[in-house]
Q: 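Dumping the structure here so I can ask a few things about it.
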Amino acid sequence: MSELVSLSRDNEVAIITVNNPPVNALSPGVPEGIAAAIEAITADAAIQAAVLIGGGRTFIAGADIKEFAKIRAGQKKDIGLSQIIARIEDCPKPVVAAIHGTALGGGLETALGCHYRVAVASAKVGQPEVKLGIIPGAGGTQRLPRLCGIPKAAVLCSVGDPIGAAEALELGIVDAIIEGDLLQGAIAFARARAAAGEAARRTCDLTSRLGDSDANKPALDAARADAARRFRGQRAPLVAIDAVAACATLPFDQGMAYEREEFEKLLKSSQSAAMIHAFFGERAVAKVPGVTKDTRTYDIRRAAVVGAGTMGGGIAMALANAGIPVLLKESSQEALDRGMATIRANYEGSVARGRLSASAAASRLALITPQISYDGFEQADLVIEAVFEGMALKKQVFAELDAICKPDCVLASNTSTLSIDEIASATGRPQMVIGTHFFSPANVMRLLEIVRGAATAPEVIATAMGLARTVKKVGVLVGNCRGFVGNRMFHPYRREAQFLVEEGATPAQVDQALYNFGMAMGPLATGDLAGLDVGWRIRKEYAHLNNPGERQPLVEDALCEAGRYGQKTRAGWYRYDEKRQSSADPAVDAIIEAARAQAGIVPREISAEEITERIIYALVNEGARILEEGFALRSVDIDMIYLTGYGFPVWRGGPMFHASLTGLGVVLERIREFERLHGAHWAPAPLLVRLAEEGRGFESLDG
Ligand code: 3HC
Ligand code: NAI
């Protein structure tokens, strides 16, 4: 056959093996190899049945996603998989898919084209295409419902999460679970089918599970409502449901044509470009120059956390959730009890919502040892400090840790603004010191900004990147500048939101515009959630660093001076009822009016478009500076920070990708106009100017 697909025999059963590591994607040559094998099997009278299996760690994990860019660029017509799956299905001899690892996307579609599917108990199957902004494009929406019914197929194709083999068996997607050796079990299964002399069972011919439109309607309506809520702004999930629904009304071939047309439209959409960027981005950020597979890492068997407040408690949970025992140190018994009560309540909440079993919650809780001393810290492999944000206190804690912890213990700080180098200077081992900037709530948010100091050793960086994987987070390495990457960009983003209010927009107009853009929450509502007083204190402390004459926002300080700190005081930009529902507050209008009068601003009508452009481009402009100054490795690192830590819509690919897709020339033109109208803080980043002039996007720098 070919190197990618081999054909062997076990007496009268042929074995087709796909060998395209690491995940047996359907790269060019694989579908063709399978088709050639089917042809050979059909022609060989001595062969009675066949098994299709993946070599290495998995069955086929899907189409080769890298090929999609070629289709979009018009260099390739289509992925050509449907025709090959049809050839498998038309093979007169029973073909059995033998599944281990994952059968995803085009991989599951290939298996659906086989006449039977068997799997090991640990296998997973799914149609995750919607996570790439597309729908199944090789029959998934048409064959899957024929096996498991329209309601279930609609959920599988619109949500995209894989299911385990046991559930797949129950649903009729898989025909048998194989105990012991998969290949031998699959050969025996295929042999039995051939011996029974049954005609090959083509999935496309099955109709008994399709039901009728009336019967399926409530389930489809529910799936649509769920998808519209969970994947707000995304097109693919709803299109996937329509394609599955078409199964009940269209003959198979027409259903396939419908699916193909929708698949191709989505593949060419900006949404799928953005989501594919995010898929590869998640893997790209794990790659750090100077850190290779051979870089030594420290085993994190025992960890410790200093400070059991908002962040320390969440970090302790994240470690315990990954099975790492953690000592949790506070400065007083009272603060410790408070911190542990919150942790317990969080676990109880997860149990009550059915997300965690009571026994799993109990064993996670048991991994956290609360204490008010440094007892046992000498055995810790990693300590994460999460005390109040203040340099003197951080330095004192690090000096104490330096005296107690073993020499190869990684010392990490969760600081959100302070210099890692200055913190490290309190120790005699700055090479072991690093920033691990978790996001609130630390046990939930996926982002972990990993801040490298000037002296941080590559082994310590590699260990922190490994820790991110262990605690199931996306670790992004950033440099040591004020606010690092995420918060440094968030500052101009939120500042612009305030300027817009001062110029005439209402807080609700600002938040609604950004929500409509796709942000999980508007910038002012986010401030209320996080606490307006945090920024207020920082602004007061660092007021001396402001550029003289540069415009400063006025309203948020005035809100804080009036005791309006956000949700925690049930008053901030909005007022909040006991259920934390927000509403506009006339008292805020009065504060805004006063700020406008103080600044001499005559309010004007501001369009949603201007609101969105000013706030998003403020983010982009600062991102460009960060990139140029080298505090982010690549533009995709910035995108991943915003996608996983700040609620930026995945279907826009992150701020830098969004700007590149819009066209940096267009973005620059607007920024120059904002500079003319609103002042020096809008000076365009030199990198943005250069790329715009060269007609390039940020991603062209990423390599
Ligand atoms: N195409 C191209 N490359 C792929 C790929 C795919 N479908 N799936 C994984 N890869 C690459 C990754 O980019 C990574 O490359 P790198 O080492 O250079 O960074 C490498 O394979 C290993 O991947 P992971 O690091 O993700 O390995 P894991 O073991 O953690 O996860 C996996 C394996 C669960 C298979 C995961 O890679 C995954 O979810 N892949 C995507 C599956 C998918 O979306 N399939 C559907 C594709 S669309 C489709 O099939 C359309 C069809 O309907 C026509
Ligand atoms: P917090 O005020 O909720 O908790 C700090 C805790 O540290 C308090 O419980 C305090 O008693 C304890 N503490 C103080 N000195 C201590 C000592 N010497 N030993 C042990 N415990 C001590 O503060 P929060 O919000 O948890 O912040 C902690 C750190 O995380 C700060 O550096 C902050 O900038 C950073 N951060 C905060 C985020 C947030 O959203 N709250 C997000 C990301 C980072």
Q: What pairs with Glu39 under side chain to side chain contact (heavy atoms under 4.5 Å, CB included), at least two apart in sequence or on another chain?
A: Arg87
Q: Kindly write out the residues that satisfy side chain to side chain contact (heavy atoms under 4.5 Å, CB included) with Ala659, not counting sequence neighbours, or none if the list is empty.
A: Val620, Leu664, Val667, Phe698
Q: Once side chain to side chain donor-acceptor pair (under 3.5 Å) is applied, do any residues pair with Glu282, and if so which ones, sequence neighbours excluded?
A: Arg446
Q: Partners of Phe657 by ring pair (Phe, Tyr, Trp, His ring centres under 6.0 Å), sequence neighbours excluded?
A: His277
Q: List in chain and number order the residues that pass side chain to side chain contact (heavy atoms under 4.5 Å, CB included) with Tyr515, two or more places apart in sequence or in another chain; answer none if no residue qualifies.
A: Arg232, Gln512
Q: For Ala168, check side chain to side chain contact (heavy atoms under 4.5 Å, CB included) against everything at least two apart and list the hits.
A: Val125, Ile163, Ile173, Val174
Q: Restricting to side chain to side chain donor-acceptor pair (under 3.5 Å), what partner residues turn up for Glu622, sequence neighbours left out?
A: Arg488
Q: Is there a ring pair (Phe, Tyr, Trp, His ring centres under 6.0 Å) between Tyr646 and Phe439? Walk through the geometry before answering.
A: CA-CA 9 Å; Tyr646 291 84; Phe439 285 70; 5.4 Å; yes
Q: What pairs with His658 under ring pair (Phe, Tyr, Trp, His ring centres under 6.0 Å), at least two apart in sequence or on another chain?
A: Phe517
Q: Check side chain to side chain donor-acceptor pair (under 3.5 Å) between Tyr116 and all other residues, then give those that pass, not counting sequence neighbours.
A: Glu198
Q: If a pair satisfies ring-ring contact (aromatic ring centres under 6.0 Å, His included) and one of its residues is in residues 208-265, list it, with sequence neighbours excluded.
A: none
Q: So, using side chain to side chain donor-acceptor pair (under 3.5 Å) as the criterion, who are the partners of Lys76 when residues are at least two apart?
A: Glu67
Q: Quick one: which residue pairs count as a salt bridge (charged side-chain N to carboxylate O under 4.0 Å, His left out) with a foot in residues 101-129, not counting sequence neighbours?
A: Arg117-Asp175
